[in-house]
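Report on the following structure.
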Amino acid sequence: MENVKLKDLGDVAVIVFDSAQERVNVLSSSVLKEFGELVEQVKNSQNFKALIIGSQKPKSFIVGADIKEIKTVTSKEDCVEMLNVAHNIFNTLEDLKIPKIAAINGHCLGGGCELVLACNYRIASDNSTLALPEVKLGIFPGFGGCIRLPKLVGLQGALSMILTGSMFNAKKALRLGLVDEVVPLSLLEEYSLSLAKKFIAKKKIIKPKKRKAPFTKKWINIFLESFLGRRIVYKKAKEGVLKQTKGFYPAPLAALDVIKSTYKKTTRKKALKLEAKFFSNVVVTTVSKHLIGLFFLTEKLKKQTGVSSSEIAPKPVATMAVLGAGTMGGGIAHLAANKKIFVRIKDLNYKSLSLALNFAQSLWKKAFKRRKITMYQMRSNMDLLSTTLNYSGFQNTDFVIEAVVENMNIKKSVITEMAKHTKDACIIATNTSSLSVTEMAQAHPNPENFIGMHFFNPVHKMPLVEIIRGEKTSDQTVATTFALAKKMGKIPVVVKDGTGFLVNRLLLPWMAEALLLFEEGESVEKIDAAFSKNFGMPMGPLRLIDEVGVDVAIKILHIFASKFSERIKVSSLCDELVKKNILGKKGLKGFYLYDQQSKEIGVNPDIYQELGIGQPQNLLKSQDILDRGFFTMINEASRALLEDKIVENPEDVDLAMIMGTGFPPFRGGLLHYADSLGAEYIVKQLEVLTNTAGFRFRPCSSLKAMAKASRKFY
Ligand SMILES: NC(=O)c1ccc[n+]([C@@H]2O[C@H](COP(=O)([O-])OP(=O)(O)OC[C@H]3O[C@@H](n4cnc5c(N)ncnc54)[C@H](O)[C@@H]3O)[C@@H](O)[C@H]2O)c1
């Protein structure tokens, strides 16, 4: 067999996974078939008195079912058939009359985790992580996980694992009862064998004694497992899922239904049949296909370098400097130190420097409180940050990120100054959100070492970084910056220099349209709900303007309007908003109101009166609002991609929109959404809007060409 081997150790059988063509073990149909045959062999042998299941891969057990296969499933019947094969194999394993020990070494995910549930003893090495992350792909555990896990760890534990897809390290898995023991990796093999021998000698499986739960906890657990208690748990779980998913993701609700209908209620056969039926319903949804597509995009990114030539290797970045310790500089410094890079931070005054240090410390303190890092890690991270008011220490840095105020003259002057204090090979990146990288590079003696690295706010939360290639930026600089962004845990997308780069270029027309809709008499609630509650954006455009700062957003809108005069109309209320000091979250008053802790407390009811406009008439339908916002965005995306070649392919647009703006992943991104409507329909609607709402909606030539040829972005 190619991928799974059976070792005969006398009375102990060892089945070892070692996929021939893969770096990690994946439960594809062919691997499952091989495994099934070996389980049958063990079943039919009179010699074997115990079975150990392990992996030959150095750092992982089994990372899950084959997602490529899952992506291609389009028929529910085929899916049920596929699941039946896996169910039969896992049932045969579960029914073997001998002890079955899973020796888990590293990642044990999805289908791999479901496989170990069919064993009756699980030992995890101390580096292991276990998870059922299927909901992140729009599906749920379909190899019996929804049936076996609640039986093993109880209802609450199982729901927390299945409905969220969270990762459990070995220690946490032990506490949950998912594994029976944790041992050092180096001892795993030897220990599993000695345990198998012990079970054979004693003729039974001896589980380690568990620490007794405190009296009250024990009784609460007993209650929550009772008929009445379970109803409470299901109700709470459903509320939690709806809060998290806003009802847009069917998989966790389907998983909940499976567990609710089967746990403590029915036979294994009936339960598995129901699991397969519900699984086949979700696997064919576009939600699942989009989430799997996104998974593959991020996987592809892991192998990319940002440049086409495979000859160019990124240079290592061990020491870095950040210029400007404000909102963005502070966030970037924290992120870099978090990834063990030495960071020198420079600002004009001590106050900004200490604010940046406090900010980083507050984030690490939170991580420490959540037991994500130890006190030692927190202190050593802090030790990686140092501050200065001059350029001392810059001479040793490999990379500098400039995050001073958004002003071309100031930026140019600090870049020229900084170049005198850094080595020739040092790369200088600007975090500008709107200025030309090519123009800024003129201030640097080595423009090939100059690049844009646009982080999004808040830096520690937003996954996207736009890597902006100036006209003279070298491939080496792009590759190094791309690798650095990945090292910092971000998703880099390489874009060409141009107004707003990619994400802001698409977001700004959307924000501008929202302001116009507001001016025309639509309420704040209705505008924002059309995009967030009804469509799935994390927040509506007016709430986003508050977040960015009304004055900042309007300043950028004017810049855009000056560059794309026919495509953007700035609402006449904009300047009035700033004049009336309605500045958004930072001023605690914008389209919404905020408390002293900057928490949003609802729509600002006085905004209409303050701006001297009447109460909203709300004459438009939600769909009209949505179309005005998104069709203008799609129009701009078509220009950016197909005409100005800001990025190379539609995947880049979708990835950037999902990671940089939170565009709903279940819709697959802006251009997948556009394709679902069709270019012909969009062009027709844009033409209607051009006649009714204004010239700015005129469909661009590339979109019209697509419509004419009935083509799609993908
Ligand atoms: N805030 C955002 O949401 C956001 C998002 C993406 C990009 N950006 C961009 O990041 C950059 C910084 O924005 P910010 O919001 O962090 O600004 P900020 O005003 O919070 O911080 C700027 C910092 O730069 C310092 N500074 C000014 N001149 C300096 C100099 N010569 N040397 C050293 N320090 C100097 C200031 O003292 C201040 O601490 C801008 O280019 C902005 O467009 C901002």
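Start at 1 and go down the list; that is how both ligands and their atoms are numbered. Nothing here was measured: the structure is a model prediction, and the numbers come from that model.
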Tell me whether the centres of the aromatic rings in Tyr391 and His421 are closer together than 6.0 Å.
yes
Minimum distance, heavy atoms only, to [atom]: which one of [options] is it?
{"atom": "atom 12 (C) of ligand 1", "options": "Gly324, Gly326, Gly549, Ala403", "result": "Ala403"}
{"atom": "atom 27 (C) of ligand 1", "options": "Ile410, Val552, Thr388, Val404", "result": "Val404"}
{"atom": "atom 28 (N) of ligand 1", "options": "Leu348, Ile345, Asn431", "result": "Leu348"}

heavy-atom search around atom 38 (C) of ligand 1 in the protein gives Asp347 OD2, 3.5 Å
The closest protein heavy-atom partner of atom 16 (O) of ligand 1 is Met328 N, 2.8 Å
Per-residue contact class, [X] against ligand 1 - non-hydrogen pairs under 4.0 Å:
{"X": "Ser352", "result": "side chain"}
{"X": "Val414", "result": "side chain"}
{"X": "Phe455", "result": "backbone"}

Which atoms of ligand 1 have any heavy atom of [X] under 4.0 Å away?
{"X": "Thr432", "answer": "41 (O)"}
{"X": "Thr327", "answer": "15 (O), 16 (O), 20 (O)"}
{"X": "Lys411", "answer": "40 (C), 41 (O)"}

Does [X] reach the main-chain N or O of [Y] with its side chain, forming a donor-acceptor pair under 3.5 Å?
{"X": "Glu466", "Y": "Val503", "result": "yes"}
{"X": "Asp654", "Y": "Leu671", "result": "yes"}
{"X": "Lys580", "Y": "Glu610", "result": "yes"}
{"X": "Glu522", "Y": "Leu620", "result": "yes"}
{"X": "Asn431", "Y": "Ala403", "result": "no"}

Salt-bridge criterion met for Lys533 and Asp528 (N-O under 4.0 Å):
no
Sub-4.0 Å heavy-atom contact, Glu417 with ligand 1
no
Taking the inter-plane angle between the rings of Tyr673 and Phe535 on a 0 to 90° scale, is it parallel (under 30°), tilted (30 to 60°) or perpendicular (over 60°)?
perpendicular
